[in-house]
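Convention: sequence-line order gives letters A, B, ...; per-chain numbering from 1. Not measured: the values here are computed from a predicted model.
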Amino acid sequence: MSDNPYSTAVLAWYESNARDLPWRAPDATPWSILVSEIMLQQTPVVRVLPAWRAWMERWPTPAHLAGEASGEAVRMWNRLGYPRRALRLHACAVAITEEHGGRVPDDHATLLSLPGIGAYTAAAVASFAYGQRHAILDTNVRRVLARAETGVQYPPKTQTKAETALAEALLPPTAPVAARWGVAVMELGALVCTARTPACASCPIAGQCAWRLAGKPAYDGPPRRGQTYEGTDRQVRGRLLAVLRDSAHPVAKDALDAVWDDRVQRERALDALVSDGLVDPLDDGRYALPS
DNA sequence: GAGGCGTGGTA
DNA sequence: TTACCAAGCCT
């Protein structure tokens, strides 16, 4: 009976309100769950769904992906955004195939050592795929805990030790319940305790929410500046990579030059793409996705 | 540890 | 329209 004060209500809410997502299906493999977690990093579920289905159809196991060029992963990634994730997922598949017998590791530390897998994703895979007991602390959970426990509208900009400690303190004692709790709190943050207009009337823990009980005081910290995009190197990188993605063959420099006027910025972006391993400069002067 | 890294939907 | 937001990771 050392479960946290919210667990019963949140778990019951999840039972009847969880979305029917394919990576939550009983037959979802650890690999399919890992793929979903990488795709979901900073990307909404509705955009991940079709990409995930296509990816799993083409590469149902790590070995399938590891057998292809990394550029094919980048091409398949299409417009999901942050294409370095595709490169890292390919590198993950290679490492899993060559160093882990083709099986997604179930050990948190080993998962953490794989490319593109940080604290959140390692905990998510260990918990969602293998039913282990780990604190799940993503943007949704951080927001729920900020409101319910700390009594503020938004969590701090960067994750703190206090948040980690809180998430661990709230973790139910047994592994199966803890795993259920993690996905349930995330879902609550995604569907009810949302960033802009939380649906407190539908919240199973509204009666225990410190922020609501305090009258929902407005956020009073420094402005949380969103990232601009127009005119940034990120936009240029996106345009350059799109040219390569949409071409079945290597492209001439002219084709890349055409997508951005500012030569200095364009060259800087292209150099960065090459440096990141997303673009391969060929000996004949043309450019291609990596092999 | 602050900043860089894509893309598109919504208010 | 502009600004914010979306299951983070890496340097």
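Counting non-hydrogen atoms under 4.0 angstrom, A:Arg237 reaches the backbone sugars and phosphates but no base. Within the nucleic acid shown, A:Ile33 has no heavy atom closer than 4.0 Å to any nucleic acid atom.
Within residues 35-60 of chain A, the residues having any heavy atom under 4.0 Å from DNA chain B are, by residue number, A:Gln42, A:Thr43, A:Arg47.
Side-chain atoms of A:Arg234 and A:Tyr82 include a donor-acceptor pair closer than 3.5 Å. Remark: the A:Glu149 side chain and the A:Tyr6 side chain contain an N/O donor-acceptor pair separated by less than 3.5 Å.
Counting heavy atoms of neighbouring residues, nucleotides and ligands inside a 6.0 Å radius, atom CG of A:Asp284 exceeds 12 of them.
Within the 4.0 Å cut-off from OP1 or OP2 of C:dG8, not a single side-chain nitrogen or oxygen of A:Tyr82 is found. Distances shorter than 4.0 Å separate some side-chain N or O of A:Arg143 from OP1 or OP2 on C:dA6. An OP1 or OP2 oxygen of B:dT7 is reached within less than 4.0 angstrom by a side-chain nitrogen or oxygen of A:Arg245. Close to B:dG6, at under 4.0 Å from its OP1 or OP2, lies no side-chain N or O of A:Arg79.
Aromatic pair A:Trp31/A:Trp59: centroids not less than 6.0 angstrom apart.
Comparing A:Thr194 and A:Arg84 against DNA chain C, the residue whose closest nucleotide sits nearer the 5' end is A:Thr194.
Between the P atoms of C:dT11 and B:dG6, the separation comes to 14 Å (whole Å). Straight-line distance between the P atoms of C:dC4 and B:dG4: roughly 16 Å, to the nearest whole Å. On the P atoms, C:dA7 is 15 Å away from B:dA11, given to the nearest whole Å.
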